[in-house]
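Everything quoted here is computed from the prediction, not taken from an experiment.
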Amino acid sequence: MEQQSAQVADEIMRTAAGCRNLVLFGHSMGAKIAYEAAKLLESRGIRLRGVIVSGSPSPDIPEAVDADSLTDLEFGGYLQRLGGIPEEILADESLLHLFLPVFRADFAMMRKYCDRSRKKLQCPVFACGGTEDPEAARGEVLGWRQYTSADFGSRFLSGGHFYLFDREEEMLGLLQTAVRGFLSASNEEAGVYNECKAN
């Protein structure tokens with residue numbers, strides 16, 4: 001995780017040097033990477049406008065699924081139930097055999113990662129998720145509230161772990177609204193936080 005987040009932070013500094021309107025977004029494992037990268041960037045004096053996390057429990061909750069204890073058949077079945085993996089891969093045994101080590105490595109990294117320091121970001125955090133996500137229950141997603149000293153907002157759309165693909169248009173609108181809120185002087189421009197704080 002340290003290596004992944006450092007690479008992301010370094011690349012952002014290389015490609016977005018001088019940008020004053022940085023917003024990070026990460027889904028699932030990417031949410032934890034975005035958080036860790038944001039911590040690094042803030043420690044280097046980079047001011048972020050916000051971080052959007054999706055489909056992810058807060059950083060103090062490690063990955064529950066021990067992929068190493070599952071056979072390829074069991075793990076493949078779990079991935080299929082989770083959704084988001086192209087059917088072409090799941091249906092082709094040789095392709096699945098190629099990709100399973102990558103998926104296992106991702107799950108292993110997330111199982112080892114757990115940050116109970118609750119290091120608060122200085123920028124606002126907006127957390128979103130699917131109402132039927134087996135990987136990130138509502139309460140686990142709302143735990144991100146503890147990881148910012150600024151505003152926190154949340155929104156849940158119907159769907160599972162990859163709800164953002166099933167509700168693509170709605171998700172894009174939600175992201176645009178959140179970013180507009182981040183970029184406004186008061187973070188209230190689009191009503192994101194007012195509405196979510198009431199939930």
Side-chain angles (χ1 to χ4, degrees), residues 1-16 22-41 48 51-117 119 125-138 140-141 143-144 147 156-157 159-168 171-172 174-175:
M1 177 61 75
E2 289 179 3
Q3 182 181 6
Q4 291 272 357
S5 54
Q7 287 176 350
V8 170
D10 289 346
E11 186 66 14
I12 288 172
M13 291 191 72
R14 186 184 72 81
T15 58
L22 286 173
V23 174
L24 302 187
F25 170 80
H27 176 75
S28 193
M29 177 178 71
K32 306 275 178 69
I33 294 174
Y35 165 68
E36 290 294 332
K39 286 198 300 185
L40 283 173
L41 291 168
L48 299 173
V51 173
I52 302 171
V53 294
S54 167
S56 173
S58 55
D60 56 315
I61 303 174
E63 171 60 51
V65 174
D66 183 4
D68 290 336
S69 69
L70 301 177
T71 66
D72 284 355
L73 186 62
E74 290 169 335
F75 189 46
Y78 173 77
L79 293 174
Q80 188 169 25
R81 291 190 298 276
L82 196 60
I85 309 299
E87 285 297 328
E88 294 81 6
I89 293 176
L90 294 171
D92 187 320
E93 191 174 329
S94 60
L95 267 180
L96 186 59
H97 184 71
L98 276 176
F99 280 96
L100 277 181
V102 177
F103 298 142
R104 284 187 185 278
D106 287 348
F107 273 79
M109 183 179 80
M110 291 311 302
R111 191 164 173 79
K112 292 174 186 174
Y113 171 78
C114 183
D115 182 351
R116 293 195 172 94
S117 68
K119 170 72 174 173
V125 171
F126 186 77
C128 42
T131 54
E132 291 89 40
D133 186 352
E135 280 283 300
R138 183 185 180 91
E140 296 174 335
V141 174
W144 282 98
Y147 287 85
F156 293 83
L157 303 180
H161 189 58
F162 291 99
Y163 71 96
L164 68 174
F165 298 140
D166 299 330
R167 308 290 296 275
E168 185 174 342
M171 184 64 182
L172 286 173
L174 180 59
L175 291 176

For Arg111, enumerate each residue passing the side-chain hydrogen bond (donor to acceptor under 3.5 Å, both in side chains) test, keeping only those at least two apart in sequence or located in another chain. none

Looking at every heavy atom in both Asp133 and Glu135, which two are closest together, and how far apart are they? OD1-N, 2.8 Å

Measure the spacing between NZ of Lys32 and CD of Glu36 and express it to the nearest 0.5 Å. 9.5 Å

Let me confirm one number: the CD1-OH distance from Ile33 to Tyr113, rounded to the nearest 0.5 Å. 9.5 Å

Where is the tightest heavy-atom contact between His97 and Asp72, given as atom of each residue plus distance? ND1-OD2, 4.4 Å

Work out which heavy atom in Pro57 is nearest to a heavy atom in Trp144; give both atom names and the distance. O-NE1, 3.3 Å

Rounded to the nearest 0.5 Å, how far apart are CZ of Arg138 and CZ of Phe156? 5.0 Å

Check step by step if side-chain contact (heavy atoms from CB on, under 4.5 Å) holds for Phe103 and Tyr78. CA-CA 11 Å; Phe103 298 142; Tyr78 173 77; over 6 Å; no

Do you know the tightest heavy-atom contact between Ser56 and Ala136? N-CB, 3.6 Å

dist Asp115:CG -> Ile61:CD1 (nearest 0.5 Å) comes out at 12.0 Å

For atom CD of Glu93, is the number of surrounding heavy atoms from other residues, nucleotides or ligands below 6.0 Å larger than 12? no

Donor-acceptor under 3.5 Å (His27 side chain, Phe162 main chain): no

Evaluate side-chain contact (heavy atoms from CB on, under 4.5 Å) for Glu63 paired with Lys112, printing each intermediate quantity in order. CA-CA 8 Å; Glu63 171 60 51; Lys112 292 174 186 174; over 6 Å; no

Sorted by chain and number, sequence neighbours left out, side chain to side chain contact (heavy atoms under 4.5 Å, CB included) with Leu175 holds for Phe25, Ile52, Met171

Between the CZ atom in Arg167 and the CG atom in Leu157, the distance rounded to the nearest 0.5 Å is 5.5 Å

Starting at CD of Gln4, measure out to CG of Asp106 and round the result to the nearest 0.5 Å. 8.0 Å

Sequence neighbours excluded, which residues qualify as salt bridge (Lys or Arg N to Asp or Glu O under 4.0 Å) partners of Arg14? Glu11

Residue pair Ser54, Tyr163: steps toward the side chain to side chain donor-acceptor pair (under 3.5 Å) verdict: CA-CA 10 Å; Ser54 167; Tyr163 71 96; 2.6 Å; yes

Taking the six-membered ring for Trp, are Tyr35 and Tyr147 ring centroids under 6.0 Å apart? yes

